[in-house]
Asks: 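Okay, handing you the structure first.
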Amino acid sequence: MAEHLGYTGTSIWIDPVEGMYVILLTNRVHPTRENTKIQNIRKCVKQLLYKR
């Protein structure tokens, strides 16, 4: 699996073995650039996708 995490919260996951390609468009810098809540969102999305 390949993963890229952008500064503003955008993410792309590519898992050719599972045939899964996911693009998550978000705005991590709202309301401030210190916002770290996107980390929990990414984790939840992965757990849902992989049902772990």
Side-chain angles (χ1 to χ4, degrees):
M1 176 176 74
E3 179 176 51
H4 174 75
L5 308 175
Y7 170 76
T8 60
T10 57
S11 308
I12 183 169
W13 295 289
I14 300 172
D15 189 340
V17 173
E18 296 292 328
M20 190 175 350
Y21 304 88
V22 178
I23 299 172
L24 181 63
L25 301 175
T26 60
N27 187 358
R28 180 192 71 83
V29 295
H30 176 78
T32 70
R33 64 191 317 175
E34 285 78 29
N35 185 5
T36 60
K37 294 178 183 178
I38 189 61
Q39 295 168 352
N40 293 330
I41 299 297
R42 288 177 178 149
K43 182 179 177 181
C44 289
V45 169
K46 280 186 182 179
Q47 287 174 340
L48 287 171
L49 293 172
Y50 287 98
K51 297 180 183 168
R52 293 181 185 165

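Hydrogens, waters and symmetry mates play no part in the numbers below; they use all other heavy atoms, side chains included.
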Asks: Examine Leu5 and Val29 and state if one hydrophobic cluster contains both, with Ile, Leu, Val, Met, Phe, Trp and Tyr joined whenever side-chain heavy atoms are less than 4.5 Å apart.
Replies: no
Asks: Main chain of Asn35, side chain of Arg28: is a donor-acceptor contact present, judged purely on distance under 3.5 Å?
Replies: yes
Asks: Membership question, hydrophobic clusters at under 4.5 Å side-chain separation (ILVMFWY): are Met20 and Trp13 in the same one?
Replies: yes
Asks: Counting only pairs under 3.5 Å, give me each side-chain donor-acceptor contact of residues 36-43, with atom names and distances, residues two or more places apart or in other chains.
Replies:
from, atom 1, to, atom 2, distance (Å)
Arg42, NE, Ser11, OG, 2.8
Arg42, NH2, Gly9, O, 3.4

Asks: Would you give the length of the straight line joining atom NE2 of His4 to atom CD1 of Ile23, rounded to the nearest 0.5 angstrom?
Replies: 11.0 Å
Asks: Could you work out, with salt bridge (charged side-chain N to carboxylate O under 4.0 Å, His left out) as the rule, every residue matching Glu18, not counting sequence neighbours?
Replies: none
Asks: Are Tyr21 and Leu49 linked, directly or through intermediate hydrophobic residues, by side-chain heavy-atom contacts shorter than 4.5 Å (ILVMFWY only)?
Replies: no
Asks: Answer yes if Ile12 and Leu25 sit in the same cluster of Ile, Leu, Val, Met, Phe, Trp and Tyr residues linked by side chain heavy atoms under 4.5 Å apart, and no otherwise.
Replies: yes
Asks: Shared ILVMFWY cluster between Ile14 and Leu48, side chains joined below 4.5 angstrom?
Replies: no
